[in-house]
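Inspection log for the structure reproduced underneath, given as structure tokens.
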There are 2 protein chains.
Amino acid sequence: MSSIKDVAARAGVSTTTVSRVLSQPQAVRPALRAQVEQAIAELGYRPNLAARRLRQQRASLLGLIVSDIRSPFFTDVGRAVEDMAYRHGLRLILCNTDEDPDKEHSYLQLMADEQASGVIYSPTLEGLRRFRPAAWPFPVVMVDRALPDTAVDRVLLDNRAAAQQLTGQLLAAGYRRIALLVGTHSTTGQERQAGYEAALQAQGLAPQVLRVAPTREAGAQAAAALLAGPDRPDALLASNGLLLLGAVQAIQSAGLRTPGQIGLAGFDNNDWTALPSVDVTVIAQPTYDIGRTAAELMLQRIDDPQRPPRKVVLEGQLVLRGSSRGPQAGTL
Amino acid sequence: MSSIKDVAARAGVSTTTVSRVLSQPQAVRPALRAQVEQAIAELGYRPNLAARRLRQQRASLLGLIVSDIRSPFFTDVGRAVEDMAYRHGLRLILCNTDEDPDKEHSYLQLMADEQASGVIYSPTLEGLRRFRPAAWPFPVVMVDRALPDTAVDRVLLDNRAAAQQLTGQLLAAGYRRIALLVGTHSTTGQERQAGYEAALQAQGLAPQVLRVAPTREAGAQAAAALLAGPDRPDALLASNGLLLLGAVQAIQSAGLRTPGQIGLAGFDNNDWTALPSVDVTVIAQPTYDIGRTAAELMLQRIDDPQRPPRKVVLEGQLVLRGSSRGPQAGTL
DNA sequence: TTGAAAGCGTTACCAT
DNA sequence: ATGGTAACGCTTTCAA
């Protein structure tokens, strides 16, 4: 590998000049600059990033810390962040925490060791409780999950409004006993539960909440229990895509039809939700937008570390499908 | 930030000794070692990775180059690789290429600049054609896609056997006019097509192949055209998860039932394929295993750069569901 | 078993 | 506008 020294020798200039050609070309006389650029091309010179990093004390590198990249939500977000990172010459390091606060901490430490320029972070409830922005040498942008008063940049969905809208839709269709399947571990679940409860209370109805692990299996099991139970709800609301899939599975396994025999709605416009045999009403989260916005906030923050923290709240989009039509609709 | 110098001063030893405590503790007298370890703890010292990298001329860093992390297959593989990387103290850098050979090359170059320890790579057909192992300063492990004679480590599914098995299943059930939806861009599609054709030819039947972009929309459109066409096939085979989803959508939209009115089978045991209303026969790829194996090959290769390249072929698992039962089965 | 010192490749300061 | 040089923090020879 050739170094900046070799380039300098070949171009007949100092290493300083070569460095300048790389970082601030306009500060070098065009003639000299051309010489240097030619030498660079001839040698196939590539800057040594480790040396640059050591000297500058920072790396062109972003961390993405999420619970599990296999969740379609985080996959989309990650894809958006990676696109932005690539465009701006930043690498993206992927970190899965499995909702484990210790692993979250370990990854934050790792990013500090790597002198990352910033970290995009979706904390668990516990991780959020422990988190101190000042403890880390990089800016953090939180996505999807964050407490209301956290003093960091963050990109969130209006979960409360979305859940309220979804619940309102079921109420308007005539459902009265709507049960909620909600995931533990995250703040989003809490907010969605709040929206659901608000919508019910406005009608003087009692909420029925099942808190379960955020997996398809747990969702299916909880939904099956509800459907087989003594006072079966007339509609189900699922607070995320995995729980919704579990609910669909339980409903179909029980031989029930939506919306005729049970109403259904949930979060996340996953690709299978549009299948004619599923056709479930959902809130579509602007997942790519969330990731892109998080990356944008990060780039701006890197540019100006002093700017006041910003909170961006994006709206979910109601995708109205058959599963939330009225209880009588099945006979149409 | 404290450096190795601070630790040395506090422990009353040389920087060399501190370095040794970090990398080969058994070479330092226990008493001294304890002093150093205490100093490290008291100062909260963390090694500077950039300095280490510059000195050692290599980084504890793996690259993962895939077409799109949003594909469930790559998501699972990525998750497995990241797990292994974390366990071995390696970072994982995520790279999406969108099936663009130039972007593939650009990312390979990036990994070279970062002095990555290795790259796990799922090349496009064109990227594979251009690829020269010797051109890169890191070992490569190919996953999912690779030419038969590539002289690099690789982890592949037995695509031909899997497609043959799937087609055989449909044939055994009594289907005779089986059409294949196959994605362009990848070697897997070609291999699966070969398996499909072999199975048909063994029965003296003519193949009917539609090559389309590997997206749900393209799959749905192609399937819809087939179903509405003059000589409609009696069964459909989809060569990956997205095309299969498109096929299911087209079949359900056309008001057809599987297996009664049309047979169906395909690749990838995505979570929605098990829904009672879908219930489609698939080949389940051992996605996590594929990723884990790729990471293992990489670790072994890093350990011993001279070992001969290995090829690991994993078997898909047939998941038999309702959609591939016989044409008359719907009336049972 | 321990230490001194060179050197990895770059950037940034200070001269000129 | 350009160049000399120190410094970033670590590992690795080599010597003791």
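The chains referred to below are lettered A, B, ... by the order of the sequence lines, with proteins before strands, and numbering in each begins at 1.
Within a 6.0 Å sphere centred on NE2 of A:H105, heavy atoms belonging to other residues, nucleotides or ligands number 12 at most. Environment of CZ in B:R58: sparse, with no more than 12 heavy atoms of neighbouring residues, nucleotides or ligands closer than 6.0 Å.
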**Item:** Heavy-atom protein contacts under 4.0 Å, nucleotides 5-11 of chain D, coded B base, S sugar-phosphate only, - none
**Value:** BBBBBBB

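Separating the CD atom of B:Q35 from the C1' atom of C:dG3 is a distance of 15 Å, rounded to the nearest angstrom. Straight-line distance from the CG atom of A:L43 to the P atom of C:dG9: 14 Å, rounded to whole Å. Separating the CD atom of A:Q24 from the C1' atom of C:dT10 is a distance of 14 Å, rounded to the nearest angstrom.
Contact check on A:D98 versus A:R70 returns no salt bridge, with no Lys/Arg side-chain nitrogen under 4.0 Å from an Asp/Glu carboxylate oxygen.
Judged purely by distance below 3.5 Å, without hydrogens or angles, the side chains of B:Q115 and B:R53 never pair a donor atom with an acceptor atom.
Not a single donor-acceptor pair under 3.5 Å links the side chain of A:D153 to the backbone N or O of A:V141.
Partner B:Y288 forms a side-chain hydrogen bond (donor to acceptor under 3.5 Å, both in side chains) with one of B:D76, B:D83, B:T293 and no other, that one being B:D83.
In this structure, B:T17 reaches the C:dG3 phosphate: one of its side-chain N or O atoms is under 4.0 Å from OP1 or OP2.
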